[in-house]
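Worksheet: one structure, shown below.
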Amino acid sequence: MAEKDDIEVSEAGLFPALYKPPGLLPIAQLKDALLYTAETYPVTIIVGETGSGKTTQIPQFLHKSGWTSDGSVVAVTQPRRIAATSVAARVAEEMGFFPGQLGQEVGYSIRFEDVTSAKTQIKFMTDGLLLREMLVDPLLKRYSVIMVDEAHERSLSSDILLSLLKKILRKRPELRVIVSSATIEAQKFLDFFASDEDGKVGGKTKNELGRIITIQGRVHPVDIQYLVEPTADYVETAVQTVMDIHSTEDKGDILLFLTGREEINDAIDKITDRIVDFGPSSQTLQPLPLYAGLDTEQQQFVFEPAPENTRKVIVSTNIAEASVTIDGIAYVIDCGFVKLRNYDPSLGIERLNVCPVSKASATQRAGRAGRTRPGKCFRLYTESAFADLPETTFPEIQRSDLAPVILQLMNLGITNVVRFDFLSPPPSKLLIRAMDTLHSLGAIDEYARLTRPLGTRMAELPLEPMLAKTLLNAPYFACLPEMLTIASMMTLQGTVFVSHDGNKKQEDKAKRRFAVAEGDHMTLYNVYESFISHGKKDAQWCRENSLNFKALVKAMSVRKQLRNHLERLGIAETATFDGPDAAKLRGMNLVERVRRCLTTGFFAHAARMKSDGTFTTPKGDVTLWVHPSSIFFHRKADWVIYHEIMETRDKTYIRDLTTVEIDWLTEYAPSYYRTKGK
DNA sequence: GAGCACTGC
């Protein structure tokens, strides 16, 4: 019964950019058209906005018309875990199942949570997980249809998945691939699947390959307004716009897009200051921050209805563009910028840059005002600036460290990754750098072949290559239990310590309590051990020690999963292997063995502290700042290795540091330090 | 003395 509501065709003209004017299908025909194309062609591209119901309806259409009848499964991939679980629940409900029956005919599978059974016929999952499934089932034979949802976001995993599905189609012409996309990138997707040397896929010519179906979304008209003159200070303009909306527009909450935490706090302070200017008015404003770094408790506020006579102003990063949906938004203010991660292959440094948004992004942001009723969007740039914006955001694959992806592809039998059929080929510098990294770690040999067992084992582990190498070396340093813990804690990425009620001093104090002189890795190990010895579920103890309970629980899951992976590789947690320097290692204490082991994976991330407390790279060409979360923010050190490096605005930060001896660098990575020089 | 957009295995 929800079916009809969901694909109801809206009459409004709305954003011309969103929809192809001709060919919009009425509800009754969508089902027929979809089933016809799926029956006839290997590939179907669905163009339709979020809220069109495509994600929930299409798998049901396929299920009811027999695509799951022979025991095969319809899979729907999502870029985010939250989407996979919530859509699965919704579909199960629409099909008449009770919540407790989720995991039977309809289920989902995400990391750490497999809610499926032998009966499951419709399965929602993250795209990254489906990629992992290909290790055991390279042709994905259990699936009759694979629908890649939100493909327009161009996430690393979904891009790779599309390339691999194209390969699979050559061997399994009976497989059906449905690519769903919110924007007008549809033709690019279809052309991609159709292209190869002879224009044939699965024995079909281009015209026989697939079709594009466009469906109308269930959104309301959004009136878009531009600035007449560009602004030099969009935070100030945004705050003024908030005030203007508040004094002149009807009821309805405001969603303001800015680029980061600092701007968000700045804007909230300004708004708070100016509320007073209104005096005791009957309508007031409630500014609320929203960014991923907030703990879930604080994020929760944005979903709660505002008190009477109060207008919520949610000041958010890009998280509200696709990942988080808030009801009741009638006004969107779009600053026109977003922080994007970029990878510099020559220095091996990740950067966070403020970039203009794409037209697709701006459209998506504006659409957030029209989810439940007609709305307005105020773009803090001119109409001609909008016209100059890129159509779509640069795909992640063209601006990331590709070492993990390349390793995974090689393990799937892709021997020549340079000639791999990428949807958008990454710059060759990125590929070369990734190969260099993998070679220096010993994951590939001089002929660019995956090594055995090291390379294949590294690829099996759900860890970045440097950490995977470190973990696999741990038995040689008789520190596998400790390294399992450290690797698990590293995946939490700075979320371990939290300040409750904004009490920074208490947080710093807690950090000192757990600090280990040799560095952050052993400090995190110490935190985990304390957590376990306090009974593993003492949320109160976490609070008292400024620790993030949920993060530590996650570390336990990750640790268990890693331990299982190693066991499958024949490496028990208690394993110790004798390497060439076994006798020497036996005389060392645990901390030294851990530090040496870390060096075998992170030698390329070496740095030396200068007298002013900043660090420098071995070549001395980049100044590195200790991230304030590190224990070396206060303390002296000489040589260290670090886990992560990231450049923001004007400084390059390193985080998670551990002291090493300079000799270890040449001992464990002789060729790397010989060729690179010092 | 001072901080990182967002995902995922």
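In what follows, every chain begins at residue 1, and chains take the letters A, B, ... in the order their sequences are listed.
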Looking at [X], does any N or O in its side chain come under 4.0 Å of the phosphate oxygens OP1/OP2 on [N]?
X	N	value
A:T317	B:dC6	yes
A:Y653	B:dG3	yes
A:S155	B:dC6	no
A:T648	B:dC4	yes

Starting at [atom1] of [X] and ending at [atom2] of [N], how long is that distance when rounded to a whole Å?
X	N	atom1	atom2	answer
A:R655	B:dA2	CZ	P	17 Å
A:L290	B:dC4	CG	C1'	15 Å
A:I264	B:dC4	CD1	P	14 Å
A:L161	B:dC9	CG	P	13 Å
A:M490	B:dC9	CE	C1'	17 Å
A:L566	B:dC9	CG	P	19 Å
A:Y291	B:dC4	OH	P	12 Å
A:E460	B:dC9	CD	P	17 Å

Give one of base, sugar-phosphate or nothing for [X], where a contact means two heavy atoms less than 4.0 Å apart.
X	result
A:E644	base
A:I110	sugar-phosphate
A:S157	nothing

* **Short side-chain to backbone donor-acceptor contact, A:S630 and A:H627, under 3.5 Å** => no

* May I ask you to decide if A:A551's main-chain N or O and A:T495's side chain share a donor-acceptor pair within less than 3.5 Å? => no

* Structure fact -> Contact check, residues 336-346 of chain A vs DNA chain B, heavy-atom distance under 4.0 Å, returns A:K339, A:R341

* **Close residues, residues 79-89 of chain A, relative to DNA chain B [heavy-atom separation under 4.0 Å]** => A:P79, A:R80, A:R81

Consider the side chain of [X], meaning its heavy atoms from C-beta on, and name the nucleotide among [options] that approaches it most closely.
X	options	value
A:I319	B:dT7, B:dC4, B:dG3	B:dT7
A:S629	B:dC9, B:dC6, B:dG3	B:dG3
A:R111	B:dA2, B:dC9, B:dC6	B:dC9

* Structure fact -> When A:Q561 and A:A292 are each assigned the nearest nucleotide of DNA chain B, the 5'-most assignment goes to A:A292

* Which sits closer to the 5' end of DNA chain B, A:E262 or A:L461, going by the nucleotide each is nearest to? -> A:E262

* Tell me, which pairs form a salt bridge (Lys or Arg N to Asp or Glu O under 4.0 Å) where one or both residues lie in residues 390-404 of chain A, sequence neighbours left out? -> A:R341-A:E396, A:K359-A:E391

Name all residues meeting the ring pair (Phe, Tyr, Trp, His ring centres under 6.0 Å) criterion together with [X]; count only those two or more places apart in sequence or in a different chain, and write none if there are none.
X	result
A:Y343	none
A:F422	A:F420
A:F337	A:Y234
A:H565	none

* **Partner residues of A:T652 under the side-chain hydrogen bond (donor to acceptor under 3.5 Å, both in side chains) criterion, sequence neighbours left out** => none

* Residues in side-chain hydrogen bond (donor to acceptor under 3.5 Å, both in side chains) with A:R142, at least two apart? -> none

* Does a donor on one side chain sit under 3.5 Å from an acceptor on the other, for A:Q561 and A:R111? -> yes

* Asked: Looking only at side chains, do A:T259 and A:E263 share a donor and an acceptor under 3.5 Å apart?
  -> yes

* Asked: Can you find a donor-acceptor pair, distance only, under 3.5 Å between A:Q493 side chain and B:dC6 base?
  -> no

